[in-house]
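The first residue of the sequence shown is numbered 1, and numbering continues consecutively from there.
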Amino acid sequence: MHINYYFLRQLAPALTRQLAGYTVATCFSQDKDELVIGLTNGTAEYWLKLHLAAAGALLALPETFHRARQNSVDLLPGLLGRRLDSVQAWPHDRVLQLNFRGGATLLLKLYSTRPNAVFRPAFDSPAELFHQRYAADAELLPRSPERTQPVAPATETPQESPPQNPLKAYPSLGDLPPLFLRAHGYEAAPLPEKWRLVRDVVQQLEKPTAFYIVRVEGRTRLSLLPVGEVEATLPATDPVAALRRFVPLLQGRRAYEAELRQVRQQLEKRAEEASTSAGHARRRLHSLEHEAGYRHTADLIMAHLHQIAPGAAEVEVEDYLTGEARTIKLKTTETPQRTAQNLYRKAKNQQLETRQLRERAERREAEAFAALERLEELAALPPDELRTLRAWRKQHGLDAAKATKAAAQELPFKVFEDSGFTILVGRNAQNNDLLTQRYAHKDDLWLHAKDVTGSHVVIRQRPGHPVPEPVQERAAQLAAWYSRRKNDSLCPVTITPKKFVRKPKGAVAGSVAVEREKVLLVVPANPFERE
C-alpha cells in the first residue's frame, strides 16, 4: 500500500516540507527499470530511488546512495539544476507530481503494471519518458501546482457510484481496506451499515492514526490500517520514516516470499492432482468391482451353448449368481465360443486393470499425503531465511518447475514435469523423428503405444536417479493418450531405453524398430490435465 493514493496523500506534503528549495544534482540509472534522483540544498543531500518495473513499482527514500562507477547512465538532463517547489499527489490516483520553479514537472506514475516517469521542462513542452515503450504516457499533462488547497476529502458518497456496492464508490482503496472491512463484519452487514463502515475506513485512511508494517497472505505490506499480522506500528506523523523502514525490509523479504509462495502453490497443486487421480482410480475400481465381469458373462455363454441358435444376436439366460433372467448380446458374425473366448481375454485384462487401479489409488493417495506433510514442514521452516528455504526445496526436489518452464519455451515438443523428471511428447511424425533421433539420450526411456500410430514419448534421465514406476506409468498414459488407442479402455505401451530404438534405412517419418521392450498396460489419459 506504499504506492496507494492514501499513502501518497500523506507522503506528498511531507516531501514538500523537507525538499522545498532543494535542487536536482543528479539523475541516472544503473540497473534495469531503476531511476535515481539526487537533490541537495548545498549542505544536505536527499535521494529518491524508483524501481519502475512491470512487476510492480517501488519508491524508496534512502538516506545515502553511492553511484556505481560502471554500468551507470545519466538520464533527463533537462531536470538537472531545477529547484523543487512542491510535491503533490494526484487525487485518487497513484501519481506523485514534482513541481519545479519555472514550470518544469516530473510525474512519477506508480501504476503496478505500467509505471513510468514523465518529465516536462514546461507545461506545453514535449514529454520525456523514462520508459519509451509506454508512448501513451506522453499525453499525461501535469496538474496545477497545489499551494494552499489540501486534497479534498473523499468521505462523501459520490453521486454516480453504484448504490449496492459501497466499495466501488472508492476505486482507489486498493486490496487491504476490503480485507479490514471483512474482518469487521462488512459482508453480513445491511447496506446502510456497509456505507457507514466504508466511510469510517476512508476517514481513517485520510487521517491515519499510525502506519503499520503487516504481513498479509505471506507478503510484507505497508498499511494505514491494522490488517493481517501487524509486525510494527509507526507514527503517522512521519511517512518518510515509515517508508525508509519498510522498503529495506520489503526488499530483503521479497525474494523469500516469492519463492515461498511458489513452493506452496507447487505442493498444493501436487496434492490436488494426486488426490484427484486417486479419486478417479477409486471410482473406476468401484465400477469394475460392482458390474458383471467379463469372465462371468463368458461362463454363462458356455453354460448355455445349447440354447443359442446359430447367428443369434442375443440370448436370454438365467444368471446362476442372482437367479434372475439376463440378456446377453452376441455378435452374429462369430460363434458363441469365439465370443466367450474374447470375453475371457478381456477378463484377464480386467484383472490386471483392477490390480493396477488399486495400486495407483494407493500410490496417489500416498503422494497427496506426502505433499500435505511437506506443506506442514514448509510452514514450520524459520521465517525469512532464504538460504534455508532453498536448501529444503532442493532436498525435496521442488526446484524443477523453473527448469521445466524454460524447457517448454525452448523445446518444440509437449513438455510435462513429474517428480523432477521431464517428459517430452512428439507432436507429429516429423516431430517424433526429431525427438527420438536428435533430442533423446541413449539412456532416456522411450515409450510408444504398441502396434498403432502415435506420439513418441521420452522420459529424460537424471543421473543417479532411476525413473520411478509412477512416472513411467504416467508417461505411458501420455503415450496411449496421444495415439490411435486414445479411446480404448486399456492400451499396451512399449517402454525401453532409447538405445534399443533405431530408425531403419528408408523408413517413413516417425517409424522406428525396437530391439528390446517391456510392455505396460495403462488406461489412456493425460494425468497432468486438471478436470
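Between His92 and Tyr6, the two ring planes are perpendicular [angle over 60°; tilted spans 30° to 60°].
Taking both residues in full, the closest heavy atoms of Ala138 and Leu129 are given as N-CD2, 3.9 Å, listed atom of the first, atom of the second, then distance. Taking both residues in full, the closest heavy atoms of Tyr256 and Pro382 are given as OH-O, 3.6 Å, listed atom of the first, atom of the second, then distance. Contact detail for Ala368 and Ala271: the closest heavy-atom pair is CB-O, 3.8 Å.
Residues Leu35 and Ser29 form no side-chain contact, since every pair of their non-hydrogen atoms from C-beta on lies 4.5 Å or further apart.
Remark: Asp418 does not engage Arg270 in a salt bridge, criterion side-chain N to carboxylate O under 4.0 Å. Under the 4.0 Å criterion applied to side-chain N and carboxylate O atoms, Glu272 and Lys269 are not assigned as salt-bridge partners. Between Arg363 and Glu473, at least one side-chain N (NZ, or NE/NH1/NH2) sits under 4.0 Å from a carboxylate O, which counts as a salt bridge. Under 4.0 Å is where a charged nitrogen must lie from a carboxylate oxygen, and between Arg253 and Glu231 at least one such pair does. By the 4.0 Å N-to-carboxylate-O rule, Glu365 lies close enough to Arg282 to be salt-bridged with it.
Side-chain N or O atoms of His51 include none that pairs as donor or acceptor with a backbone N or O of Ala60 at under 3.5 Å. In terms of modelled atom types and a separation under 3.5 Å, the side chain of Asn4 and the main chain of Ser172 share a donor-acceptor contact. When atom types are taken as modelled, the side chain of Arg9 and the backbone of Glu206 share a donor-acceptor pair closer than 3.5 angstrom. Using a distance-only test at 3.5 Å, with no hydrogens or angles considered, a donor-acceptor pair links the side chain of Arg244 to the main chain of Leu61. Judged by distance alone, with hydrogens and angles left aside, the side-chain atoms of Glu34 form a donor-acceptor pair with the main-chain N or O of Gln30 at under 3.5 Å. Not one N or O on the side chain of Arg474 forms a donor-acceptor pair closer than 3.5 Å with the backbone of Pro527.
Scanning for side-chain hydrogen bond (donor to acceptor under 3.5 Å, both in side chains) contacts around Arg82 gives an empty result, with sequence neighbours left out. Considering only residues two or more places apart in sequence or on other chains, Asp200 meets the salt bridge (Lys or Arg N to Asp or Glu O under 4.0 Å) condition with Arg196. Listed by chain and residue number, Arg374 satisfy the salt bridge (Lys or Arg N to Asp or Glu O under 4.0 Å) test with Glu377 (two or more places apart in sequence, or in another chain). Here Glu45 pairs with Trp47 under the side-chain hydrogen bond (donor to acceptor under 3.5 Å, both in side chains) rule; sequence neighbours left out.
Aromatic rings of Phe7 and Phe211 (six-membered ring for Trp) have centroids within the 6.0 Å cut-off, being under it.
Taking the ring centre of Tyr482 as origin, the terminal cationic atom of Lys414 falls inside the region bounded by 6.0 Å and 45° from the ring axis. Relative to the six-membered ring of Phe413, Arg427 misses at least one condition, a distance below 6.0 Å or an angle of at most 45° to the axis.
For residues 114-123, the pairs satisfying side chain to side chain donor-acceptor pair (under 3.5 Å) are Asn116-Asp137, with sequence neighbours left out.
Residues Asn526 and Gln477 have side chains that never bring a donor and an acceptor to within less than 3.5 angstrom of each other. The closest side-chain donor-acceptor pair between Ser86 and Asn99 falls under 3.5 angstrom.
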Mind listing the side-chain donor-acceptor pairs of residues 12-23 below 3.5 Å, one per line with the distance, residues two or more places apart or on another chain?
from  : atom 1 : to    : atom 2 : distance (Å)
Thr16 : OG1    : Ala12 : O      : 3.1
Thr16 : OG1    : Val87 : N      : 2.8
Thr16 : OG1    : Val87 : O      : 3.0
Gln18 : OE1    : Tyr46 : OH     : 3.1
Tyr22 : OH     : Asn41 : ND2    : 3.4

